[in-house]
Amino acid sequence: MSEKYYITTAIDYVNGNPHLGHAYEKVLTDVLARYHRRHGEQVFFLTGLDEHGIKVQQSAQKQGRDPQEFCDAMAANFENLYRKLNVSFDDFVRTTQPRHKIVVQRILQKLHDAGEIYKGVYQGFYSPRQEQFLTEKDRGADGKFPEIFGEVIELKEDVYYFKLAKHQEWLVEHLKKNPDWIFPNFRTKEVLGALENPIPDLCISRPKARLSWGIPLPFDGEQVTYVWFDALINYISVIGYDGAAVSDWWPGINVIGKDILVPAHAIYWPIMLKALNLPLPKMLLVHGWWTQNKEKMSKSTGNSVDPLDLINTYGVDAFRYFVMREMAIGYDADFSSEQFHLRYQSELGNTLGNLVNRAVSMVARYRDGVIPAISESALTASEQGLRNDVISAVKSFCENMDKIQVHIALMELWKGVIRVNQYADENAPWKLAKDPANADRLNVVLEELAAAIYLLAGEIGCVLPETADKILTQLGGLSPLAVSENPQWPQFSANTKVGKAEPLFPRIEITPAE
Ligand code: MSP
């Protein structure tokens with residue numbers, strides 16, 4: 001039986017449209033899912049949307065719409081974008097779906113029955129204008145709450161608490177014993193820092209009178225579930241939780257941004273699972289932020305980049321390539337449209353696109369479209385060198401993907417593409433074609449070029465699926481090569497006829513927008 005690989009993204013809030021940061025996370029998870037599928041694992045890839053909570057309720061209200069209708073409309077924007085980006089999810093969860101709500105209620109009931117949830121009082125400052133609880137941090141320099149909050153009142157309400165505090169010691173132990181549970185592992189320190197002081201129990205409900213857009217508590221119809229408690233459960237609701245166990249997809253890998261590590265994913269989530277007697281996720285894979293001018297890209301600050309604009313100009317794979325190549329997982333990256341344009345022109349257009357175009361056109365022009373058959377004895381040191389280097393590039397890609405270093409993996413793969421260009425330049429088939437005496441040598445060079453591209457296309461497909469398909473079509477409708485620990489140089493069957501050479505990344509003559 002092949003191994004099971006379950007991977008999830010964070011589920012996005014639907015109170016605004018998706019931006020480049022959301023799209024990056026889904027593409028990153030997709031690249032890992034495709035890589036593991038290609039390497040023979042059984043993959044289940046879950047993404048989706050977080051639809052409850054005060055923010056969604058308010059956004060719907062502002063537009064005078066029913067919250068569910070509002071969510072349905074927004075959900076279509078997210079799902080369409082992710083489909084367009086070739087994000088190969090196996091399921092798309094929406095927290096308003098009955099299949100999810102049932103599990104949330106099942107879990108609440110179970111924890112309540114087990115004494116892990118108790119009734120208490122929440123007391124704090126509250127701004128009715130902003131419909132928001134305030135803390136000491138919200139006070140201005142003069143000690144008063146700023147004008148935007150309007151009249152601030154002290155509110156006391158009945159709510160339910162989940163016993164978080166009693167598990168604190170266990171969690172600290174877990175983090176100390178498993179420093180690589182969070183990737184990259186430098187973030188473990190951050191979590192341990194947050195756990196230095198005692199953590200309070202978690203308030204997991206809100207009175208229905210104030211917040212109606214949520215899942216009712218099964219044991220108190222006047223209260224709805226706090227949105228984070230509801231949302232985290234998506235990771236196990238969709239794959240199946242019957243009240244005792246989760247389906248054998250669990251545990252999986254949770255891919256998230258750094259802003260939702262503490263406290264949600266590194267404190268609430270493991271403690272919820274512990275209280276349910278379920279295994280913790282295999283790993284929390286935490287990426288950094290896309291910024292613009294060093295500020296976090298977000299819909300509220302208005303500095304977000306719309307992935308659709310980039311896709312419409314440059315194509316889906318250009319977007320996927322850029323975000324994977326530009327960002328080192330775990331660290332922030334500043335978005336620049338000039339850099340996007342540059343990578344498109346040089347790494348995609350000039351390096352990969354031109355290579356494929358040259359190779360396919362020359363087979364068409366010099367050999368009537370048929371990839372020449374060659375014998376091993378015709379190979380020279382130039383071919384041996386090429387083969388070694390391209391195979392090394394493929395291996396290094398895989399080694400880095402296994403270490404979740406996607407940007408390095410891509411850099412290594414591109415070394416292979418650059419090496420094939422170098423081979424073409426050194427052997428100059430366009431010159432060989434001028435003299436029929438070089439016919440055998442030309443056969444070798446054309447065949448080696450096609451074979452090298454064929455080999456690279458397999459791994460390229462994890463990141464650039466559409467481009468890999470186009471390459472295989474242009475090479476004559478080939479199927480992707482199977483993977484192997486020791487990649488072999490590909491062979492073509494007799495009379496493999498190339499397709500039409502079409503530019504993979506056409507030149508785009510625009511001055512990139514600021
Ligand atoms: N709904 C919660 C997540 C619940 S998971 C059980 C949420 N939603 S969100 O829409 O605000 O963010 C969704 C994901 O997008 C998060 O992982 C977040 O870190 C990521 N990003 C949002 N803005 C981002 C950037 N500017 N850059 C990279 N990713 C960031 O949080």
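In listed order, ligands and their atoms are each counted from 1. What you see is a predicted model, and the numbers here were worked out from it, not measured in a lab.
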Can you tell me which portion of Tyr24 lies within the under-4.0 Å heavy-atom range of ligand 1? Options are side chain, backbone, both, or neither. neither
Hey, is ligand 1 close enough to Asp50 that some N/O pair sits below 3.5 Å? yes
Give the atom numbers and elements of ligand 1 that come within less than 4.0 Å of a heavy atom of Tyr235. 5 (S), 6 (C)
Test your reading of the structure: does Ser298 have an N or O sitting under 3.5 Å from an N or O of ligand 1? no
Asp138/Lys144 ion pair, N-O < 4.0 Å: no
I'd like to know if Glu190 pairs up with Lys258 as an ion pair, taking the criterion as any Lys NZ or Arg NE/NH1/NH2 lying under 4.0 Å from an Asp or Glu carboxylate oxygen. no
Check step by step if side chain to side chain donor-acceptor pair (under 3.5 Å) holds for Tyr82 and Asp12. CA-CA 12 Å; Tyr82 298 154; Asp12 302 335; 2.6 Å; yes
Taking 4.0 Å as the limit for heavy-atom contacts, which would you say applies to Asp12 with ligand 1: side chain only, backbone only, both, or neither? both
Applying a strict 4.0 Å limit to heavy atoms, is Gly288 in contact with ligand 1? yes
Do any nitrogen or oxygen atoms of Gly257 lie less than 3.5 angstrom from nitrogen or oxygen atoms of ligand 1? yes
Restricting to pairs with a member in residues 287-297, which pass salt bridge (Lys or Arg N to Asp or Glu O under 4.0 Å), not counting sequence neighbours? Asp259-Lys296
For atom 29 (N) of ligand 1, the protein heavy atom that lies nearest, with its residue and separation: His287 CE1, 3.2 Å
Minimum-distance pair of heavy atoms, taken over all atoms of Ser205 and Gln223: OG-OE1, 2.5 Å
Run the salt bridge (Lys or Arg N to Asp or Glu O under 4.0 Å) test on Glu41 and Arg37 for me, step by step, so that the C-alpha distance in whole Å, both residues' side-chain angles and the decisive distance to 0.1 Å come before the verdict. CA-CA 5 Å; Glu41 286 164 67; Arg37 258 187 227 120; over 6 Å; no
Measure the distance from atom 9 (S) of ligand 1 to every protein heavy atom, then report the residue, atom name and distance (to 0.1 Å) of the closest one. Tyr13 CD1, 3.7 Å
Report, in ascending order of atom number, the atoms of ligand 1 lying under 4.0 Å from any heavy atom of Ala231. 6 (C)
Quick check on the 6.0 Å ring-centre criterion: do Phe186 and Tyr331 meet it? yes
Min N/O separation Ile11 to ligand 1 under 3.5 Å: yes
Backbone or side-chain N or O of Asp259 under 3.5 Å from ligand 1 N or O: yes
Looking at Glu154, I want to see if its CD is surrounded by more than 12 non-hydrogen atoms of other residues, nucleotides or ligands under 6.0 Å. yes
Checking a contact table here: which protein heavy atom is nearest atom 15 (O) of ligand 1, and how many Å away? His22 CD2, 3.4 Å
Would Trp290 count as a polar contact of ligand 1, with the cut-off being nitrogen or oxygen pairs under 3.5 Å? yes
Can you list, pair by pair, the side-chain donor-acceptor contacts under 3.5 Å of residues 225-233, counting residues two or more places apart and other chains?
from, atom 1, to, atom 2, distance (Å)
Thr225, OG1, Ile215, O, 2.6
Asp230, OD1, His100, NE2, 2.8
Asp230, OD2, His52, ND1, 2.6

Centroid-centroid under 6.0 Å between Trp289 and Tyr24 rings: no
From atom 16 (C) of ligand 1, work out which of Lys296, Glu25, Met297, His19 has a heavy atom at the shortest distance. Glu25
Those atoms of ligand 1 less than 4.0 Å from some heavy atom in Ile260: 3 (C), 16 (C), 17 (O), 31 (O)
